[in-house]
Amino acid sequence: MTIGVRWEQGKPGLPPPPPRIGARVHVGVNAVILGGVRIGDDAVLGAGTIVTKDVPSGASVVPAASRILRLRAMDDSDREQSAAQRRDSAATFAEADGA
């Protein structure tokens, strides 16, 4: 987890305020809390969450869902290889289960 201030380039003067974290806040693995944000009491920050805005008390914050960035075109040989790998994996799991 990372907790830190967020410096804005070109703004001289006093350092920015640190984050304020309320009571009974659950913070997941690799969460990042940056800037002078306030995390309210009983909030839950999921693993991998990046917090740069205030979080109200009792709120649950999770990162965006995974999404496909790019899908490459598959030719027939790629499809056959992929199907063979799935069959091999299923056979391996069946052996491990004693089937």
Side-chain angles (χ1 to χ4, degrees):
M1 155 169 88
T2 302
I3 301 174
V5 295
R6 192 170 146 200
W7 293 86
E8 292 186 36
Q9 202 164 8
K11 288 195 172 184
L14 297 174
R20 290 184 176 184
I21 301 174
R24 299 172 307 279
V25 173
H26 293 270
V27 181
V29 173
N30 290 331
V32 177
I33 303 170
L34 295 175
V37 299
R38 292 179 181 207
I39 310 295
D41 295 342
D42 301 305
V44 176
L45 307 179
T49 300
I50 299 174
V51 179
T52 58
K53 296 180 181 179
D54 292 348
V55 176
S57 294
S60 294
V61 181
V62 296
S66 298
R67 60 188 175 96
I68 297 172
L69 296 178
R70 179 174 58 106
L71 187 61
R72 70 178 181 86
M74 292 178 70
D75 61 17
D76 288 337
S77 64
D78 288 337
R79 285 189 189 90
E80 290 170 12
Q81 183 179 3
S82 179
Q85 288 172 343
R86 285 194 304 271
R87 283 192 301 272
D88 291 345
S89 293
T92 301
F93 286 122
E95 290 173 12
D97 286 340

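Given the structure is predicted, the values throughout are model-derived calculations rather than measurements. Keep in mind that the numbers below use all heavy atoms, side chains included, and drop hydrogens, waters and symmetry copies.
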Treat each ILVMFWY residue as a node, draw an edge where side-chain heavy atoms are under 4.5 Å apart, and state whether [X] and [Y] are in one component.
| X | Y | answer |
| --- | --- | --- |
| Met1 | Ile39 | yes |
| Ile21 | Val37 | yes |
| Val32 | Val27 | no |

- Message: Any heavy-atom pair between the side chains of Val51 and Leu45 that's under 4.5 Å?
- Response: yes
- Query: Side-chain contact, heavy-atom cut-off 4.5 Å: Val61 with Val44?
  - Reply: no
Between [X] and [Y], which heavy-atom pair has the shortest distance, and what is it?
| X | Y | value |
| --- | --- | --- |
| Thr49 | Pro63 | OG1-CD, 3.3 Å |
| Pro19 | Ile3 | CG-CG2, 3.7 Å |
| Ala43 | Val55 | CB-CG1, 4.1 Å |
| Gly46 | Ala31 | O-CB, 4.1 Å |
| Pro18 | Val5 | CA-CG1, 3.9 Å |

- Counting only N and O atoms by type, is there a donor-acceptor contact under 3.5 Å from the side chain of Asp54 to the main-chain atoms of Arg38? yes
- Set of residues satisfying salt bridge (charged side-chain N to carboxylate O under 4.0 Å, His left out) with respect to Asp42, sequence neighbours excluded: Arg24
- Message: How long is the straight-line distance from CD1 of Ile50 back to OG1 of Thr2, given to the nearest 0.5 Å?
- Response: 9.5 Å
